[in-house]
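First the structure, in the form of structure tokens, and then the observations on it.
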Amino acid sequence: MTITENIDKILSQIPSDVRLVAVTKKKSVVAIKEAYNYGIRDFAESRVQEALEKQEQLQDYQDICWHFIGHIQTNKAKKVLDNFHWIHSVDSLKLAEYLDKLAAKTSISPHVCLQVKILPDPNKYGWRVEELWQDLSELESLKHIKIDGLMTILPLGLSKNECLDTFEKTKELASKITEKSSLQLKELSMGMSNDYLLAVEKGATMIRLGTIIFGERD
């Protein structure tokens, strides 16, 4: 199937208010343009240098909304802040505070999601639930980044019911934090190529899809 046929199929399966974020890591600018020409405006990258090279070639596409979904090293934080509208992978208080400090010196106020680990996973970054509650008051005090939601990546090898349960718990966590703090966590960035329909079923507002749109990585 072509990129446009893949997008068409996905859009037919999800509500119109769910944001389809096309993950273009290791994909060509030609592929991005094909998705763009079919109406996609949200594109995600996880490596700063690769992203900047593509953005350079796509300068004329002014209405693209760029999302960063990879782990952010401190020395790359400024470039992420300067070149992405959304940062899904804010995975520690230290990083959130650093981005806030950088944003205070600019006119940029990025939308961010806090990356959480509902289940233990040594291979993923992010807050454990109890850690996030502990850091909440410090996160509430940040004034220069917009903390709009939670992001999660599931551990590998979960059953369908375990996936559904984890997505459900992410949604419940966002609701509880919204209820008990000044943060308004309306966005749920959850669901990838192998589990996005389950994520949508449990309230995802943004799904991050790469392989299912563009095929296997080059």
Side-chain angles (χ1 to χ4, degrees), residues 14 17-19 21 23 44 46 67-74 76-77 80-81 84 86-101 103 109-210:
I14 63 175
D17 58 348
V18 173
R19 201 162 176 173
V21 181
V23 178
S46 58
H67 301 248
F68 194 79
I69 59 172
H71 177 61
I72 301 170
Q73 296 166 312
T74 308
K76 300 282 176 66
V80 172
L81 186 80
F84 291 86
W86 277 88
I87 306 171
H88 293 235
S89 47
V90 176
D91 55 26
S92 68
L93 178 61
K94 180 183 173 186
L95 176 60
E97 289 176 334
Y98 189 60
L99 287 168
D100 194 71
K101 186 175 157 189
S109 184
H111 297 279
V112 309
C113 292
L114 306 175
Q115 184 170 344
V116 295
K117 294 196 285 189
I118 300 297
L119 297 174
D121 188 344
N123 300 313
K124 303 283 189 305
Y125 293 96
W127 274 274
R128 296 198 309 272
V129 174
E130 62 275 16
E131 292 172 335
L132 185 54
W133 283 111
Q134 288 165 9
D135 289 344
L136 209 52
S137 59
E138 284 95 338
L139 289 165
E140 286 181 276
S141 71
L142 303 180
K143 302 301 180 202
H144 305 285
I145 58 174
K146 297 174 186 152
I147 300 175
D148 284 337
L150 299 181
M151 184 270 253
T152 199
I153 305 170
L154 299 191
L156 297 173
L158 298 186
S159 68
K160 178 183 175 182
N161 284 341
E162 287 169 328
C163 291
L164 287 167
D165 185 56
T166 307
F167 289 139
E168 177 75 31
K169 284 178 175 164
T170 307
K171 182 181 180 180
E172 287 172 359
L173 178 61
S175 296
K176 284 177 188 168
I177 290 173
T178 298
E179 186 186 315
K180 296 180 184 297
S181 76
S182 61
L183 299 180
Q184 298 295 303
L185 303 184
K186 294 176 180 172
E187 301 291 344
L188 290 171
S189 170
M190 55 189 201
M192 295 162 67
S193 290
N194 58 342
D195 57 22
Y196 71 96
L197 290 175
L198 303 178
V200 168
E201 188 180 325
K202 291 300 179 180
T205 64
M206 292 190 273
I207 51 176
R208 311 177 305 274
L209 306 186

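Model, not experiment: these values are computed from the prediction.
In summary, the side chains of Ser89 and Gln115 do not present any donor paired with an acceptor at a separation below 3.5 Å, with no hydrogens or angles considered. In this model, no donor atom of one side chain and acceptor atom of the other lie less than 3.5 Å apart for His144 and Ser109. A donor-acceptor contact closer than 3.5 angstrom is absent between the side chains of Arg19 and Thr205. Counted by atom type alone, Thr178 and Gln184 present zero donor-acceptor pairs between their side chains at under 3.5 Å. In the model, Ser141 has no side-chain atom that pairs as donor or acceptor with a side-chain atom of Glu138 under 3.5 Å.
Counting only distance, with no hydrogens or angles, the side chain of Asp100 and the backbone of Ile145 share a donor-acceptor pair below 3.5 Å. Put simply, the side chain of Asp91 never gets that close to the backbone of His71: no donor and acceptor are under 3.5 Å apart.
By the ring pair (Phe, Tyr, Trp, His ring centres under 6.0 Å) test, His111 pairs with Trp86, sequence neighbours left out. Here Phe167 pairs with nothing under the ring pair (Phe, Tyr, Trp, His ring centres under 6.0 Å) rule; sequence neighbours left out.
By the 6.0 Å contact criterion, NZ on Lys171 is open, its count of non-hydrogen atoms from other residues, nucleotides or ligands being 12 or less. Within 6.0 Å of NZ in Lys124 there are more than 12 heavy atoms belonging to other residues, nucleotides or ligands.
Salt bridge annotation for Glu172-Lys169: absent, with no cationic side-chain nitrogen under 4.0 angstrom from a carboxylate oxygen.
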Criterion salt bridge (charged side-chain N to carboxylate O under 4.0 Å, His left out) on Arg128 and Glu131, from CA distance to verdict: CA-CA 5 Å; Arg128 296 198 309 272; Glu131 292 172 335; 3.1 Å; yes

